[in-house]
Amino acid sequence: MNDKKYSVVIAGGGSTFTPGFVLDLIKSQDKFPMRELKFYDNDAERQKKIGEAVKIIMKERAPQIKFSYTTDPREAFTDVDFVMGSIRVGKYHMRSLDEKIPLKYGVNGQETTGPGGMAYGLRSIPAILQIIDWMQEYSPNAWMINYSNTIAIVAEACRRLRPGAKVINICDMPIDDMDRMAAICGLNSWHDIDFNYYGLNHFGWWKEVRNKKTGEDLMPKLKEYVREHGYWVGGDYDKDTEPSWEATFKKVADEYKLEPETLPNNYMQYYYFPQYEVANADPNHTRTDEILEHRQKIVFGECERIVEAGTAKDNIWDISGLHSEYIVDIIHAIAFNTHEKFLANCANDGAIANMDPDSIVEVPALFGADGIQPMATGMAGRFQRGLMMEQQTCEKLVVDAYVEHSYNKMLQAFALNKTIPDASVAKKILDDMIPVNAPYWPELK
Ligand SMILES: NC(=O)c1ccc[n+]([C@@H]2O[C@H](COP(=O)([O-])OP(=O)(O)OC[C@H]3O[C@@H](n4cnc5c(N)ncnc54)[C@H](O)[C@@H]3O)[C@@H](O)[C@H]2O)c1
Ligand SMILES: O=P(O)(O)OC[C@H]1O[C@H](O[C@H]2[C@H](O)[C@@H](O)[C@@H](O)O[C@@H]2CO)[C@H](O)[C@@H](O)[C@@H]1O
Ligand SMILES: [Mn+2]
């Protein structure tokens with residue numbers, strides 16, 4: 001066992017997930033010992049609010065780890081082993097527009113799916129590429145674990161524009177769904193499950209779910225439950241789950257009935273039932289508004305309380321979330337070359353036998369010091385392959401639009417998408433999105 005101590009920088013230090021992630025890093029010092037933690041953000045004021053609270057947390061709980069936060073890339077990315085990508089380009093202001101502009105035209109607005117997800121993906125490309133370039137310049141041996149969305153589009157841009165860069169694009173949704181599957185089957189957590197899963201990001205299916213210890217096939221039990229309740233578990237398990245998430249997990253029951261050979265990622269709701277989404281949306285109060293009223297308020301309120309009190313005793317993050325535990329597991333696997341199995345968004349290269357090699361897919365992979373080794377998942381079903389071919393073509397067209405500064409390629413990405421019924425509607429949405437995205441998108445001609 002090496003006695004190395006690691007240096008981590010969180011790009012997007014002002015993220016609402018940062019404090020929870022920091023608490024999990026502190027709790028994991030036995031398995032992932034650290035010497036330094038840094039934050040980087042391009043919004044000094046937002047980052048300072050979290051940075052000042054984390055300063056107190058680190059002093060009280062991990063004084064052995066050097067902590068700082070900065071807006072200077074050289075300072076941030078020098079002498080680091082891991083870069084955690086947690087940025088939201090355009091912040092919640094732009095997410096709100098991603099959600100509200102499509103609804104003006106009777107199309108669902110959502111963070112990472114449909115026109116909102118493609119707009120967000122196009123914003124994220126230059127920012128993530130810049131962070132990769134800084135990492136390669138200042139810490140050439142570092143790994144970037146990126147979870148800044150829209151992952152599918154960011155991953156395609158990484159594949160095409162930074163081939164060979166040490167970046168792994170991840171998502172915690174399948175883990176959350178599998179944690180629920182474990183609860184449904186009376187198991188402790190997703191760690192007790194073995195699985196075969198394939199798809200794109202926020203667009204996938206389970207072919208197999210087994211009890212990791214006994215090998216028992218859990219699919220029959222899960223299908224019987226999911227048919228009625230989706231992934232909603234209720235009771236203590238769901239006591240803190242927000243209403244919009246409750247509706248999402250319950251909706252999986254309808255998604256499952258459409259294709260009952262597999263179990264769906266909950267995000268399929270946006271592609272199977274776009275009319276349901278629009279009918280149940282409030283164009284004046286979307287998911288972003290819920291977050292500003294809830295998660296953002298709680299996180300920044302708690303940071304303020306800690307700074308005023310001068311201590312982080314009994315803070316809200318002591319019950320950490322799945323989101324950060326998963327990421328700590330992943331950086332531990334890479335640092336200690338454990339070759340544990342997680343999920344990655346990567347070039348297909350045969351992982352899904354009947355998808356193109358250069359498709360970006362989300363599949364199980366072994367994570368180690370050499371990065372990821374995607375696992376073979378077999379053939380996609382006819383239904384799933386049809387859906388994936390359309391969706392991944394949209395994602396590739398967005399990267400084409402970025403590379404070529406092409407209005408038409410972006411319009412084609414919108415017009416092809418399952419969530420947009422008509423090319424004339426696609427054009428209206430795109431034309432409304434262009435001016436508000438001017439600070440982030442390339443000029444599309
Ligand atoms: N991959 C997943 O499954 C998963 C899960 C949860 C969240 N996320 C993603 O994680 C990110 C953070 O989520 P959040 O809700 O905490 O975000 P947030 O809006 O609370 O914070 C994002 C931070 O990024 C900063 N930022 C924006 N552009 C930047 C740039 N170019 N350089 C440096 N910093 C920049 C902002 O100033 C802000 O402080 C989002 O992209 C979100 O979609 C992904
Ligand atoms: O609407 P949000 O910002 O609350 O969530 C959007 C994100 O949803 C997924 O991440 C969930 C995660 O699956 C769950 O376990 C928990 O950690 O909360 C996360 C954020 O709510 C999805 O995977 C992300 O890509 C989305 O950004
Ligand atoms: Mn995700």
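Bear in mind that the values here come from a model prediction, so they are computed numbers and not experimental data. All residue numbers in this chain count up from 1 along the given sequence. One-based numbering, in listed order, for ligands and for the atoms of each.
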In terms of atom number and element, which parts of ligand 1 are under 4.0 angstrom from non-hydrogen atoms of [X]?
X	result
Ala127	31 (N)
Gly14	20 (O), 21 (O), 39 (O)
Ser148	41 (O)
Asp43	37 (O)
Thr16	14 (P), 15 (O), 16 (O), 20 (O)

Proximity of [X] to ligand 1 by residue part, where a heavy atom lies under 4.0 Å:
X	value
Cys171	both
Arg295	side chain
Tyr120	side chain
Glu111	side chain
Arg88	both

Mark yes or no: Lys38 above the aromatic ring of Tyr69, with NZ or CZ under 6.0 Å from the six-membered ring centre and no more than 45 degrees from the axis.
no
Evaluate the side-chain proximity of Glu395 to Val398: yes if any heavy-atom separation is below 4.5 Å, no if none is.
no
Trp205 side chain reached by Phe203 side chain, heavy atoms, under 4.5 Å
yes
Quick one: [atom1] on [X] to [atom2] on [Y], what's the gap to the nearest 0.5 Å?
X	Y	atom1	atom2	answer
Met34	Ser28	CE	OG	10.0 Å
Met94	Ser124	CE	OG	10.5 Å
Thr288	Arg295	OG1	CZ	9.5 Å

Heavy-atom pair of closest approach, residues Pro374 and Ala365
CA-CB, 3.8 Å
Mind checking whether [X] has an N or O less than 3.5 Å away from an N or O of ligand 1?
X	result
Ile170	yes
Ile87	yes
His202	no
Asn149	yes
Tyr40	no
Asp41	yes

Does some non-hydrogen atom of [X] fall short of 4.0 Å from ligand 2?
X	result
Trp245	yes
Gln110	no
Arg295	yes
Thr112	no
His202	yes

Salt bridge or not for [X] and [Y], using N-O below 4.0 Å?
X	Y	value
Glu99	Arg95	yes
Asp238	Lys250	no
Glu390	Lys418	no
Asp98	Arg123	yes
Asp432	Lys104	yes
Glu45	Lys48	no
Asp289	Lys100	yes
Arg180	Asp177	no
Glu228	Lys223	no
Asp79	Arg35	yes
Arg162	Asp133	yes
Arg305	Glu302	yes

I want to confirm something. Looking only at heavy atoms, which of [options] is nearest to [atom]?
atom	options	value
atom 14 (P) of ligand 1	Phe21, Tyr92, Phe39	Tyr92
atom 22 (C) of ligand 2	Tyr92, Phe17, Tyr267	Tyr267
atom 26 (C) of ligand 2	Glu325, Met173, Glu111, Arg287	Glu111

Does only the side chain of Ile291 get under 4.0 Å from ligand 2, or the backbone, or both, or neither? Count heavy atoms.
side chain
Record the part of Arg95 in heavy-atom contact with ligand 2 below 4.0 Å; permitted values are side chain, backbone, both and neither.
side chain
So is Arg46 close enough to ligand 1, meaning a heavy atom under 4.0 angstrom away?
yes
Just to check, does Ala11 reach to within less than 4.0 Å of ligand 1 when the distance is taken from its heavy atoms?
no
Mind listing the protein N/O/S atoms less than 2.8 Å away from the Mn ion (ligand 3)? Waters don't count.
Cys171 SG, His202 NE2
Atoms in ligand 2 with a heavy atom of Cys171 nearer than 4.0 Å:
23 (O)
Per-atom contacts, ligand 2 versus Asn149 - under 4.0 Å to a heavy atom
24 (C), 25 (O), 26 (C), 27 (O)
Which word best sums up how the rings of Tyr326 and Trp190 line up, parallel for under 30°, tilted for 30 to 60°, or perpendicular for over 60°?
perpendicular
Pairwise ring-ring contact (aromatic ring centres under 6.0 Å, His included) hits with a residue in residues 75-100, at least two apart:
Phe32-Phe82, Tyr40-Phe77, Phe77-Trp134
